[in-house]
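Below is one structure; the comments refer to it alone.
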Amino acid sequence: MDAGQPGAQQAARLDAADPLAARRELFVLDDPDRPGDAVYLDGNSLGALPRAVPDRVADVIAREWGRLRIRSWTESGWWEAPERIGDRIAPLVGAAPGQIVVGDSTSVNVFKALVGAVRMADEDPGGTGRDEILVDAATFPTDGYLAHSAARLTGRTVRALPPGDLADAVSERTAAVLLNHVDYRTGELHDLPGTTAAAHAAGAYLVADLCHSAGALPVGLDEHGVDFAVGCTYKYLNGGPGAPAYVYLRAAHQGRFDSPLPGWHSHRDPFGMTPDFAPAADARRGRVGTPDLLSMLALEAALTVWDGVAIADVRAKSLALSDFFLRRVEHYVPDGRVTSLTPREHARRGSQVALACPDAEAVMAGLIARGVVGDFRRPGVLRFGFTPLYTSFADVERAARTLAEVLADHGGAGSAG
Ligand SMILES: *Cc1c(COP(=O)(O)O)cnc(C)c1O
């Protein structure tokens, strides 16, 4: 019914020219043309299910666990899974192999990385005089909570600053800086290379949280000299609800990384079962204890959707999707009814668009009722995530048009008290 409209035509042209368009077939998604089916723009919160996952999980359960049982630790490669899967994530974040281990949650990995970074500062000349940890004041709350705990444990204080101010604030008092690569609420992309360089110039270590950038844009961990990084795998990496997170330990630091959670899986010889701890020489230092293998192996199957994908193409499409969305929202929605919190400049934009809207909660409920699934963040933010492997331009067009319809139903901007 909309085929004659310019927006739908533009979307069709963009979809026809999209080199990633065929990747959508690798996911379980609704059919956009079937009544009642939904457009999914919440992959920045929970990625869609890759088709390869269910059979693989069934095989892990029935064969590896059910029949091979304990033999699977060696014969099915369970023991090495954290490093093997880390090496699959590595190219997506610009890391050479051998620096990423998968396991635990992002929250736990923030703690490990931050305490580890401060302990490294302690070992540097004059490092114990570095009495503060700088954190991004707009951070996802869990990172901030854990930074405070890491600070208490290491005898430091936390100084929270707007992320754009961290590079100027870092000084000889700073032990570590915790930066979110992309702000989870506004979708703003922060200056990871610049902040890392500033931290290093002042002798501090940088810990990056990649939850909203890995799988959406180039990260360049090795290239930019990032010391430590963490991220989750259930957002743009489609690993499934509660899928394990990962931690990146820069190769040059692995011999010095002193984990605050040195479990037996991070021991040099786990089956030596010795009372004294001796850390593994490599990235296994980032491990703690027995990993959640069902989730981890589901993640491994999910990562096959990235085979042969160039992250530069992902970034190009991500920006094209968010540009198109912003243009179509401007076209359909009366001026001033919503305001984008997401920067216009590509260099400062992640892979979502956040719209400030006074009655956002009711508007998002209306959108979901009409088959456009984004999410809502208090107090008044509508979030729309663009996941380039499976979001189409037709999805974006429908979302913008439906948003305008829902806003019209909910009256003018002034009506929201
Ligand atoms: C999603 C997200 C988390 C989630 O942490 P969990 O431990 O997986 O609950 C942490 N930090 C940021 C920046 C996030 O976006």
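Whatever order the structure lists them in is the order used to number ligands and atoms, beginning at 1.
- Under 4.0 Å from any atom of ligand 1, one finds heavy atoms of residues S105, T106, S107, F140, T142, D143, N180, D209, C211, H212, Y234, K235.
- Atom CG of L189 sits about 5.5 Å away from atom CZ of R315, to the nearest 0.5 Å.
- Side chains of Y246 and V93 form a contact here, defined as non-hydrogen atoms less than 4.5 Å apart.
- Atom CG of D335 has 12 or fewer neighbouring heavy atoms from other residues, nucleotides or ligands inside a 6.0 Å radius.
- More than 12 heavy atoms of other residues, nucleotides or ligands shown are found within 6.0 angstrom of CZ on R256.
- Within the 4.5 Å cutoff, no side-chain heavy atoms of L146 are placed close to those of L114.
- Annotation: W65, atom CH2; neighbour count of heavy atoms from other residues, nucleotides and ligands within 6.0 Å does not exceed 12.
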